[in-house]
Amino acid sequence: MSARLVIMGPQGAGKGTQAARLAERLGVPAISTGDIFRANISAGTPLGRLVQEITAKGDLVPDEVTNDMVRDRLAQADAASGFILDGYPRNAAQVVELDGILADTGASLDAVIELTAHREELLARLQKRAQVEGRADDTDEAIARRLDIYAEQTAPLTAAYAERGLLVQVDGIGELDDVTARLLAALESLDAQV
Ligand code: ADP
């Protein structure tokens with residue numbers, strides 16, 4: 001199964017968890033832009049200092065910063081034959097940028113997975129996670145901001161990927177193992193069609 005993948009879905013849909021599981025099964029790295037920003041914030045790097053306030057509010061980091069970071073990460077050896085990108089692209093400009101980054105190495109995306117869940121489930125999961133993890137952007141205001149940005153800027157991107165025949169929609173509600181099994185089955189059926 002070819003594996004240059006993007007995983008999309010609203011906050012709380014379980015992207016990070018499922019991306020890690022898929023990555024292990026497929027033998028490719030899961031690359032989460034949010035995790036990279038958080039690691040830089042914890043380590044107090046210049047990038048971390050630059051994005052700390054922006055991410056705490058739930059706003060998007062400027063595209064130039066995020067694009068350069070993703071370009072550098074995808075250039076690393078472990079991503080040469082595949083990856084699962086989580087949290088990128090998040091707006092139309094980033095879609096164009098990702099196409100360009102991949103085209104520069106003669107590569108292209110194999111599939112874009114959209115993990116779906118309804119709003120009540122998302123809010124319930126995020127409130128629970130806020131208590132467990134204490135992320136700086138899990139305040140009520142930042143959660144609302146992130147869900148709004150997702151609905152306005154990120155969710156519409158799936159239409160463009162659907163037109164390219166890349167979109168795979170998977171229901172994110174249910175047991176973790178069941179969702180992983182659904183994801184693998186959906187990717188296999190997409191692979192069989194090409
Ligand atoms: P979530 O999906 O739960 O909102 P992430 O861990 O994916 O969280 O991202 C956390 C924060 O990092 C975002 O709210 C945003 O500030 C920043 N971020 C992550 N990815 C991007 C991106 N592609 N473009 C701009 N900002 C981003």
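Both counts, for ligands and for their atoms, begin at 1 and track the order of listing. Because only heavy atoms are used, hydrogens play no part in the values below, and waters and symmetry mates are left out as well, while side chains stay in. FYI, the numbering just counts along the sequence from 1.
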Residue list, salt bridge (charged side-chain N to carboxylate O under 4.0 Å, His left out) with R125, at least two apart or on another chain: E121

R71 and D104: CA distance, side-chain angles, deciding distance, salt bridge (Lys or Arg N to Asp or Glu O under 4.0 Å) verdict: CA-CA 10 Å; R71 184 179 284 275; D104 285 348; 3.1 Å; yes

Which residue pairs satisfy the side chain to side chain donor-acceptor pair (under 3.5 Å) criterion with at least one member in residues 36-46, sequence neighbours excluded? D35-R38, N40-T45

Under 4.5 Å between any side-chain heavy atoms of L5 and V112, yes or no? no

Taking NZ, NE, NH1 and NH2 as the nitrogens, is one of them in D137 or R145 under 4.0 Å from a carboxylate oxygen of the other?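 Salt bridge between D137 and R145, a charged N being under 4.0 Å from a carboxylate O: no.
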
Acceptor/donor pairs from residues 74-87 side chains to any protein atom, 3.5 angstrom cut, sequence neighbours excluded:
from, atom 1, to, atom 2, distance (Å)
Q76, OE1, R73, NH1, 3.4
D78, OD1, R73, NH1, 2.9
D78, OD2, R73, NH2, 2.8

Which protein residues have a heavy atom under 4.0 Å from ligand 1?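 If the criterion is a heavy atom under 4.0 Å, then ligand 1 touches Q11, K15, T33, G34, F37, R38, T55, D59, L60, V61, T66, G87, Y88, R90, Q94, R129, R135, D137, R146.
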
